[in-house]
Amino acid sequence: MNLLAKDKIGDIELILIKNKKLPKNLSKAEKDSLDKYDFDGSGSCMLLEYKKFFIGIDDCGYEFPNAIRDSISQAIQKLKSLKINSISIEASSESELKEICEGFLLGNYSFDSYKTKKSKNHIKEIYIQSTKLTKTQIENQISQSKIITESINKIRELINTPPQDATPNYVANFAHKIAKDSNISCKIHDSKFLKKENMEAFLAVAKASINEPFMVHLHYKPNTKKKVPKIALVGKGLTYDSGGLSLKPGDYMTTMKADKSGACAVIGILEIVAKLKLEVEVHGILGLAENMIGGNAYKPDDILTARNKKTIEVRNTDAEGRLVLADCLSYASDLKPDYLIDLATLTGACVVALGDYTIGIMGYNQKLKENFAKHAFNAGELSGILPFNPYLKKLYSSEVADLCNIPSSRYGSAISAGMFLGEFVSKDLQDKWIHLDIAGPAYVEKSWGVNPFGATGAGVRACVEFIRNIKE
Ligand code: BES
Ligand code: ZN
Ligand code: ZN
């Protein structure tokens, strides 16, 4: 399916209806037909005999970034099974054009690699035209949207890949391949390296798995002599989270293949930044491991020494993400970045607090969090700031170690988990760090917005938008 800047009417013409205002140039027959369908400008309506598809853009009455994106995405899902070759659409502004492109390209993805019957899409070409924008403007937006959405769809596929295939080794090789095809260097560190780095917390989580853990270090440096901002991204990459000895109940274990979504998002962000040739230096650190059970498993009651020498009492092996991230954040701190961002499907509590569709933003720097939230919104991702406080921090103190890996109360545990992570970010970076809990939006078992069933690529568009707007 190819998006083209072309003044041509397709087999089907998509018409966006805003504020329930139908276009003036409809024929009497078309008007009668719409009447027949009782179409009042909300929802969508197909007029096959006249080759038109009307999409009512629902105004939810408050600022919402995705009205057009979501509608286009729903339209393409409906239209792709029809035997039509082309679609055409008019974009009335730059922001609308961006939403149209992303709606088509993100909405078109579906995960069917493991199905014997693949879903069909007959649509080959989508013509985008505009009386307000130049052909070059349209072409530039199409090529940018293609870069962003192709990476997102690639990592959606990676996250959706079942855990018997998508092992830590598989994800590391995937990252390596992406890096080779873009201008990114990639080092895959095995457990020998993790031992040498004293990453005992990370290693403990992986102990019971037959699949070896890896820490992948991706690095993109732009081709410029200018001093550019340096960003370090850290991603939780649990290719499976069974809970370990604190085993998850069956219902909660399903979908835990998606516990690698943070690491996969980091791969996507690096690929996009490199392809857009952004003038920023970006490091990506992926903590890849599998949390399993076995005779060699780490246990509740173990006391682990993290890379930064802090000791951690394990009271629940299902709070494993923070142990992997503890060592990765300490490693990333040594890179002395200007910004440090971690992405993790860290807590069920964040989903309870914000719902399925919203990223939890945490950290110590209010301005930075607000700035990130603004860019996330502009990119079409929903987020909410969850505030740290010293009372919640007290909840993860331990009688026998420096810290405990679970808080003593379940209330506010998305926040206390975030504050736990902060213990492994170096002192000088506390103000430059943000933690993104993507447990809600990373994987949803129903389609929503531009997202079909399953992995969404949560955090990618938000981070890319934040990174491209960093001003030194
Ligand atoms: N991977 C889970 C968090 C999660 C839950 C992600 C739901 C996506 C959807 C994480 O490792 C976990 O199990 N967290 C526990 C922490 C608890 C033991 C303190 C949780 O949230 O229940
Ligand atoms: Zn867990
Ligand atoms: Zn987990």
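When a ligand or atom number is given, it counts from 1 through the structure's own listing order. Computed from a prediction, not measured in an experiment: that's the story for all the values here. Side-chain atoms are counted along with the backbone in the values below, which use heavy atoms only and exclude waters and symmetry mates.
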Looking at ligand 1, would Arg410 count as a contact under a 4.0 Å heavy-atom criterion? no
For a quick check under 3.5 Å, do Glu99 and Ser95 share a side-chain donor-acceptor pair by atom type? no
Pairs under 3.5 angstrom only: tabulate donor-acceptor contacts from the side chains of residues 195-203 to other protein residues two or more places apart or in another chain.
from: Glu197; atom 1: OE1; to: Arg307; atom 2: NE; distance (Å): 2.8
from: Glu197; atom 1: OE1; to: Arg307; atom 2: NH2; distance (Å): 2.9
from: Glu200; atom 1: OE2; to: Thr305; atom 2: N; distance (Å): 3.1

Any luck finding a side-chain donor-acceptor pair between Asp165 and Tyr114 under 3.5 Å? yes
Tell me the protein heavy atom at minimum distance from atom 19 (C) of ligand 1, and give that distance in Å. Ile406 CG2, 3.5 Å
Note: Arg315, heavy atoms under 4.0 Å from ligand 1, region reported as neither
What protein heavy atom is closest to atom 22 (O) of ligand 1, reported as residue, atom name and distance in Å? Gly348 N, 4.5 Å
Would you kindly say whether Thr167 and Asn169 are connected by a side-chain donor-acceptor distance under 3.5 Å? no
Can the ring centroids of Phe214 and Phe193 be said to lie less than 6.0 angstrom from one another? no
Work out which heavy atom in Ala265 is nearest to a heavy atom in Ile155; give both atom names and the distance. CA-CD1, 3.7 Å
Of the protein's non-hydrogen atoms, which lies at the shortest distance from atom 14 (N) of ligand 1, and what is that distance? Leu346 O, 3.5 Å
Please evaluate residues Glu320 and Asp241 with respect to the criterion side-chain contact (heavy atoms from CB on, under 4.5 Å), reporting the C-alpha separation (whole Å), side-chain torsions for both, the decisive distance (0.1 Å), and the verdict. CA-CA 8 Å; Glu320 83 301 333; Asp241 180 12; 3.2 Å; yes
Glu320 heavy atoms within 4.0 Å reach ligand 1 at atoms 11 (O)
The protein heavy atom nearest to atom 16 (C) of ligand 1 is Arg322 NH2, 3.7 Å
Protein heavy atom at shortest distance from atom 7 (C) of ligand 1: Met256 CE, 3.7 Å
I'd like to check which ligand 1 atoms, numbered from 1 as shown, lie under 4.0 Å from a non-hydrogen atom of Lys236. 1 (N), 10 (C), 11 (O)
Under 3.5 Å, is there a donor-acceptor pair linking the side chains of Trp448 and Asp70? no
Which of the numbered atoms in ligand 1 are below 4.0 angstrom from a heavy atom of Asn316? 18 (C)
For Asn2 and Lys146, what are the C-alpha separation, side-chain angles and deciding distance, and is it a side-chain contact (heavy atoms from CB on, under 4.5 Å)? CA-CA 9 Å; Asn2 209 359; Lys146 265 191 179 166; 3.1 Å; yes
His283 and Tyr220: aromatic ring centres closer than 6.0 Å? no
Would Thr347 count as a polar contact of ligand 1, with the cut-off being nitrogen or oxygen pairs under 3.5 Å? no
Can you see whether Thr345 engages Asp259 through a side-chain donor-acceptor pair at a distance of less than 3.5 angstrom? yes
Return yes if some donor-acceptor pair links the side-chain N/O of Lys260 with the main-chain N/O of Lys257 below 3.5 Å, else return no. yes
Can you list, by chain and residue number, the protein N, O or S atoms under 2.8 Å from the Zn ion (ligand 2)? Asp241 OD2, Asp318 O, Asp318 OD1, Glu320 OE1
For ligand 1, which part of Asp318 has a heavy atom less than 4.0 Å away: the side chain, the backbone, both, or neither? both
Any N/O/S atom from Lys236 (main chain or side chain) under 2.8 Å of the Zn ion (ligand 3)? yes
What protein heavy atom sits nearest atom 2 (C) of ligand 1, and how far away is it? Asp241 OD2, 3.6 Å
Any idea which atoms of ligand 1 are less than 4.0 Å away from a heavy-atom of Asp259? 1 (N)
Measure centre to centre between the rings of Phe453 and Phe111, then say whether the value is under 6.0 Å. no
